[in-house]
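Structure first, commentary second.
The figures here come from the full heavy-atom set of this structure, side chains too, leaving out hydrogens, waters and symmetry mates.
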Amino acid sequence: MDIVPYSPVNALSHHFFERETSEVARDLIGAVIVRELGGITLAGRIVETEAYLHETDAASHSFRGRTKRNEAMFGEAARLYVYRIYGIHLCANIVTETEGRGAAVLLRAVEPLAGLEEMMRRRNTTQTRQLSKRQLCKKQLCNGPGKLAQAFGFSLDDNHQSLLQTPLYVLPANEPYEVAVSPRIGITKAADALLRFYLPASPFVSPSKWK
DNA sequence: GCAAGGATCTAA
DNA sequence: TAGATCCTTGCC
């Protein structure tokens with residue numbers, strides 16, 4: 001069969017994620033996140049991110065200091081911070097900057113590249129409705145933070161997991177992309193800060209008033 | 001348009 | 001300790 005075209009050899013290094021959070025969030029647009037899960041390769045091109053800064057950012061979980069929930073956000077760069085939102089969904093973040101800082105990049109949407117069958121299966125597991133009624137299409141697999149986390153099988157147990165080697169790593173963008181900027185989605189504090197980055201031409205970004 | 005869902009924060 | 005809030009989604 002085919003050789004899987006994904007290898008951690010050229011994966012982004014610790015240095016990439018140590019930088020200032022909004023720079024990391026912007027530079028992650030076009031990068032490819034790869035996860036080996038149960039012998040299956042899941043991969044997606046990152047098309048939408050948000051930067052959550054340290055103690056000066058009222059919208060960030062780290063704003064009120066370190067707690068059990070946000071502990072992973074204060075860990076070293078290039079590790080996962082996963083949290084539960086609205087009691088139902090999970091959101092996956094990549095920790096940035098220096099250890100103890102409390103900054104991260106939220107992964108909001110990716111374009112599915114590999115493992116689509118598996119993503120579709122994971123996105124359907126909690127669906128009790130008939131498949132024929134509203135079949136999930138490629139665009140709906142990962143176009144939102146909760147959807148992305150579900151498709152890639154992220155869980156609270158994945159907190160602190162490294163993104164620097166198999167089974168989880170990020171490959172740099174293979175071409176330069178024109179990145180658009182907007183306010184972040186779904187927040188009330190610091191709502192005017194331009195810390196959301198996305199590919200304006202991509203049909204795989206999450207549905208929002210900013211397009 | 002809004003309910004679901006559970007942890008976390010805030011005001012007493 | 002009760003009540004509001006929360007980096008969302010999918011069904012009504």
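Residue Ile185(A) is in sugar-phosphate contact alone, with no base atom involved, counting any heavy-atom pair closer than 4.0 Å across all strands shown. Using a 4.0 Å heavy-atom cutoff across all strands shown, Ser60(A) reaches at least one base atom of the nucleic acid. Using a 4.0 Å heavy-atom criterion, one finds that Arg84(A) contacts no nucleic acid atom at all.
The interatomic distance linking Arg69(A) (CZ) with dC6(C) (P) rounds to 11 Å, in whole Å. Counting to the nearest Å, the C1' atom of dC9(B) and the CZ atom of Arg64(A) are 7 Å from each other. The interatomic distance linking Asn143(A) (CG) with dT8(C) (C1') rounds to 12 Å, in whole Å. Atoms CG (Leu90(A)) and P (dT8(B)) sit 13 Å apart, rounded to a whole Å. If you measure from atom NZ of Lys189(A) to atom P of dT10(B), you get 7 Å, rounded to the nearest angstrom. When the C1' atom of dT5(C) is taken as reference, atom OH of Tyr86(A) falls 9 Å away, rounded to whole Å. Between Glu48(A) atom CD and dT8(C) atom P there is a gap of 10 Å when expressed in whole angstrom units. Here dA3(B) presents its P atom at 18 Å from CD1 of Ile85(A), a figure rounded to the nearest Å.
Taking CG of Leu164(A) as the reference point, atom CZ of Phe17(A) lies at 6.5 Å (rounded to 0.5 Å).
At a cut-off of 3.5 Å, with distance as the only test, a side-chain donor of Arg123(A) or Gln150(A) sits close to an acceptor on the other residue.
Annotation: dA3(B) and dT5(C) have their P atoms spaced 15 Å apart (nearest Å). Comparing the C1' positions of dG3(C) and dG5(B) gives a spacing of 16 Å, expressed to the nearest Å.
Out of dT8(C), dC9(B), dT9(C), the shortest distance to the side chain of Lys147(A) is found at dT9(C). Of the listed nucleotides (dT9(C), dT10(B), dC7(C)), dT9(C) has the atom at the smallest distance from the side chain of Pro145(A). In this structure, the nucleotide among dA4(B), dT9(C), dG10(C) sitting nearest to the side chain of Arg123(A) is dG10(C). Nearest to the side chain of His89(A), among dA4(B), dT8(C), dC7(C), sits dT8(C).
Of the side-chain N and O atoms in Lys68(A), none sit less than 4.0 angstrom from OP1 or OP2 of dA7(B).
Checked for salt-bridge contact, Arg184(A) and Asp57(A) meet the test: a charged N lies under 4.0 Å from a carboxylate O. One finds no salt bridge joining Glu71(A) and Lys68(A) here, because no Lys/Arg side-chain nitrogen approaches an Asp/Glu carboxylate oxygen to under 4.0 Å. Salt bridge Glu48(A)/Arg196(A): present, at least one basic N to carboxylate O contact under 4.0 Å. Salt bridge Arg35(A)/Asp158(A): present, at least one basic N to carboxylate O contact under 4.0 Å.
Under the Watson-Crick and G-U wobble criteria, each requiring two contacts below 3.5 Å, nucleotide dG5(B) is left unpaired. dT10(B) is paired with dA2(C) under the criterion used here, namely a Watson-Crick or G-U wobble arrangement in which both key atom distances are under 3.5 Å.
By the criterion of a centre-to-centre distance under 5.5 Å and near-parallel planes under 30°, the ring of Tyr52(A) forms a stack with the base of dC7(C).
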